[in-house]
Amino acid sequence: MMGFSSPRKKERKFSPIVWDLEDKEGRISFKNRDVVTTTILSSPSSPSKVSNTVSNQVYKHQPFSANMIKEVEHMASKSLVSDFGAALSPSLPEQQCQDDEQEPELIGKENVRAPNIFTSRWASDSDDEDGSLTEEKIRRSSSLESGELEREELEVDRVQSDQRSSSVLSACEDGGMDCKLDSVAVMDIDDMRDEDAIVDQPDLGVEEPAGGCMNMLHGCRSVFEYEKLNKISEGTYGIVYRAKDKLTGEIVALKKVKILDLRDLEEYGFPVISLREINILASFHHPSIVKSREVVVDDHDNVYMVMEYMEHDLKWLMDSMKRRFSTSDVKCLMLQLLEGVKYLHDNWVLHRDLKTSNLLLNNQGELKICDFGMARQYGSPLKPYTTKVVTQWYRAPELLLGRKKYSTAVDMWSVGCVMAELLAKEPLFKGTAEIDQLRKIFDTLGVPSEKIWPGFSELPGSKANYSKQPYNLLRKKFPAASFTGSAVLSDAGFDLLNRLLTYDPEKRITADDALNHDWFRELPLPKSKDFLPTFPPKV
Ligand SMILES: Nc1ncnc2c1ncn2[C@@H]1O[C@H](COP(=O)(O)OP(=O)(O)OP(=O)(O)O)[C@@H](O)[C@H]1O
């Protein structure tokens with residue numbers, strides 16, 4: 001469709017992320033499932049080597065500091081990595097690295113189930129095959145809950161905890177940046193204490209990593225390989241610079257990781273938020289996800305993520321544009337956004353901070369999602385997570401009303417807010433505080449009721465005194481025709497927007513369905529990326 005590859009037909013592939021490992025025999029023992037983990041990868045960069053790799057490489061390569069070395073050793077010593085490796089393929093040669101002939105092969109494909117919500121890591125944490133709860137499962141189950149609660153504390157009001165977590169990225173071993181990455185990225189760092197894990201095989205439905213190699217622990221280079229050109233932005237978790245690779249002359253973005261809380265260093269040796277982001281960017285490869293090249297360090301232990309440089313972010317663009325995006329521009333951008341969100345959701349990841357400033361655009365008309373500091377994996381049944389996620393203007397009503405069990409629909413609400421903003425060139429709901437945010441939503445969409453949103457009245461925030469505005473007035477903001485210059489939207493476009501901004505998360509449209517919405521098929525058709533307008537540089 002207009003320069004977009006439509007999602008490939010579902011075929012089984014392996015997630016670039018190895019989510020978990022279920023047991024030391026390497027079997028996933030969820031009810032009705034028996035997936036042998038030797039089916040994971042025949043990749044030569046065996047996870048069994050990760051622990052060695054990690055400690056050896058770190059020692060070999062300056063300028064990792066003693067602290068960081070300690071941390072990495074801690075990761076390696078945590079049974080997660082070594083057990084994991086042992087369970088997989090202990091006999092793989094150490095120095096092998098993938099080359100083209102050595103693409104990870106699926107062994108015993110027939111043993112692997114296609115991904116679905118029931119194969120997610122959360123699919124069952126109650127029953128063993130024999131239906132009984134093992135002590136380990138009980139421990140794991142409770143630690144997962146507390147892991148999330150700790151993250152909540154982390155994000156809101158941090159408290160000490162005895163939790164140990166860390167993030168491990170595999171590195172292939174040939175010593176070059178041209179090796180491919182076999183990610184053994186463990187997504188949720190609070191969950192890394194789990195020795196048990198499940199291997200999911202989500203359907204990526206997208207193109208394979210194109211030489212997607214980011215070898216982060218191995219040969220971590222110095223930031224002085226790059227010449228900083230100018231500061232692009234200073235966000236909460238990092239300072240982003242435009243920089244030039246001294247060797248190749250390539251322009252990149254350098255995100256300097258901010259240490260917001262010294263306890264992060266004490267407990268984890270690294271900011272948790274950044275570990276998440278590094279983990280995800282190392283593992284996910286999609287045209288709509290910003291590409292990360294490597295991690296570099298400076299003389300003072302500062303860590304920088306090196307990413308492909310994107311000339312603009314959509315917020316900055318809209319603030320500086322004189323005119324609104326045309327409908328076909330918006331369709332082009334929305335399709336790319338939805339492809340990226342679908343990819344994340346297909347891979348059991350919630351972004352949890354979608355907003356226009358986290359959507360980058362380059363001069364080739366490519367939109368890419370960035371900032372994965374808030375992202376986390378999800379599954380079924382849903383677990384309680386912190387509601388203090390998503391920048392307020394883009395935050396879904398279930399989060400604002402205090403629902404802790406939420407899912408992909410929170411991202412879809414944000415996508416709806418982004419769509420409205422792209423059309424109108426200004427944010428849809430600009431609340432000044434959580435309660436004001438809710439009021440603004442209710443004033444436009446009407447106060448929800450049990451009828452349109454079953455379960456609404458049980459939500460913690462539903463008892464507050466809201467205005468009684470019962471109607472959905474969204475169409476007034478996006479009329480089919482306008483003589484006043486306000487953004488116009490066809491019936492199909494309005495239908496999509498309405499479905500994205502549906503109160504009941506169960507009824508809110510999914511990324512997959514949104515991609516197939518009629519709006520993208522009616523005139524004006526989505527513009528091809530190549531024909532999106534280009535904009536003057538930010539600097
Ligand atoms: N790869 C990139 N290329 C160009 N600019 C980028 C890139 N990544 C980030 N930026 C710019 O830096 C800004 C902040 O980036 P990012 O959101 O990753 O940092 P953050 O500290 O997590 O910010 P926030 O406080 O908004 O969460 C983006 O809005 C964008 O303008």
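Throughout, numbering of the chain's residues begins at 1 and tracks the sequence. Every number for a ligand or one of its atoms is a count from 1 in the order of the listing. Keep in mind the model is a prediction, meaning the values are calculated, not measured.
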Visitor: Give a yes or no answer on whether the side chain of S528 reaches the backbone of D530 with a donor-acceptor pair at less than 3.5 Å.
Guide: yes

Visitor: Assess, by modelled atom type and distance only, whether the side chains of Y241 and N230 contain a donor and an acceptor separated by less than 3.5 Å.
Guide: no

Visitor: I need the nearest protein heavy-atom contact for atom 7 (C) of ligand 1: residue, atom name and distance, please.
Guide: L360 CD1, 3.5 Å

Visitor: Going through the distances and angles, do D313 and L359 end up as a side-chain contact (heavy atoms from CB on, under 4.5 Å)?
Guide: CA-CA 6 Å; D313 69 69; L359 303 177; over 6 Å; no

Visitor: Using the six-membered ring of Y385, assess whether NZ or CZ of R376 lies under 6.0 Å from its centre and within 45 degrees of the ring axis.
Guide: yes

Visitor: Are Y503 and R508 linked by a side-chain donor-acceptor pair shorter than 3.5 Å?
Guide: no

Visitor: For the residue pair F429 and W393, is the inter-centroid distance of their aromatic rings smaller than 6.0 Å?
Guide: no

Visitor: Does a donor on one side chain and an acceptor on the other come within less than 3.5 Å for E421 and Y394?
Guide: yes

Visitor: Could you tell me, atom by atom, which parts of ligand 1 come under 4.0 Å of a heavy atom of I232?
Guide: 4 (C), 5 (N)

Visitor: Using a plain distance cutoff, I'd like to know if E308 has any nitrogen or oxygen under 3.5 Å from a nitrogen or oxygen of ligand 1.
Guide: yes

Visitor: Could you find the nearest protein heavy atom to atom 23 (O) of ligand 1 and give me its residue, atom name and distance?
Guide: G235 CA, 3.6 Å

Visitor: Between T391 and D353, do the side chains contain a donor N or O and an acceptor N or O under 3.5 Å apart?
Guide: yes

Visitor: Tell me, which protein residue and heavy-atom name are nearest atom 2 (C) of ligand 1, and how many Å apart are they?
Guide: A253 CB, 3.4 Å

Visitor: Could you list which atoms of ligand 1 come closer than 4.0 Å to a heavy atom of M310?
Guide: 3 (N), 4 (C), 5 (N)

Visitor: Under 4.0 Å from a heavy atom of K255: which atoms of ligand 1 are those, numbered in the order shown and with their elements?
Guide: 16 (P), 18 (O), 19 (O), 20 (P), 22 (O)

Visitor: Out of V240, D313, L254, D371, who is nearest to atom 27 (O) of ligand 1 when you count heavy atoms only?
Guide: D371

Visitor: Taking both backbone and side-chain atoms of V290, is any N or O found less than 3.5 Å from an N or O belonging to ligand 1?
Guide: no

Visitor: As an exercise, identify every atom of ligand 1 less than 4.0 angstrom from a heavy atom of N358.
Guide: 17 (O)

Visitor: Taking 4.0 angstrom as the limit and counting only heavy atoms of K355, give me the atoms of ligand 1 inside it, by number and element.
Guide: 26 (O)

Visitor: Which ligand 1 atoms are under 4.0 Å away from a heavy-atom of S357?
Guide: 28 (C), 29 (O)

Visitor: Run the numbers for me: atoms of ligand 1, each under 4.0 Å from some heavy atom of S233, listed by number.
Guide: 12 (O), 13 (C), 14 (C)

Visitor: So does A253 get a backbone contact from the side chain of E308, meaning a donor-acceptor N/O pair under 3.5 Å?
Guide: no

Visitor: Just to check, does G238 reach to within less than 4.0 Å of ligand 1 when the distance is taken from its heavy atoms?
Guide: yes

Visitor: Should the proximity of T391 to ligand 1, defined as any heavy atom under 4.0 Å, be assigned to the side chain, the backbone, both, or neither?
Guide: neither

Visitor: Quick one: sort the F284 and Y343 rings into parallel, tilted or perpendicular, breaks at 30° and 60°.
Guide: perpendicular

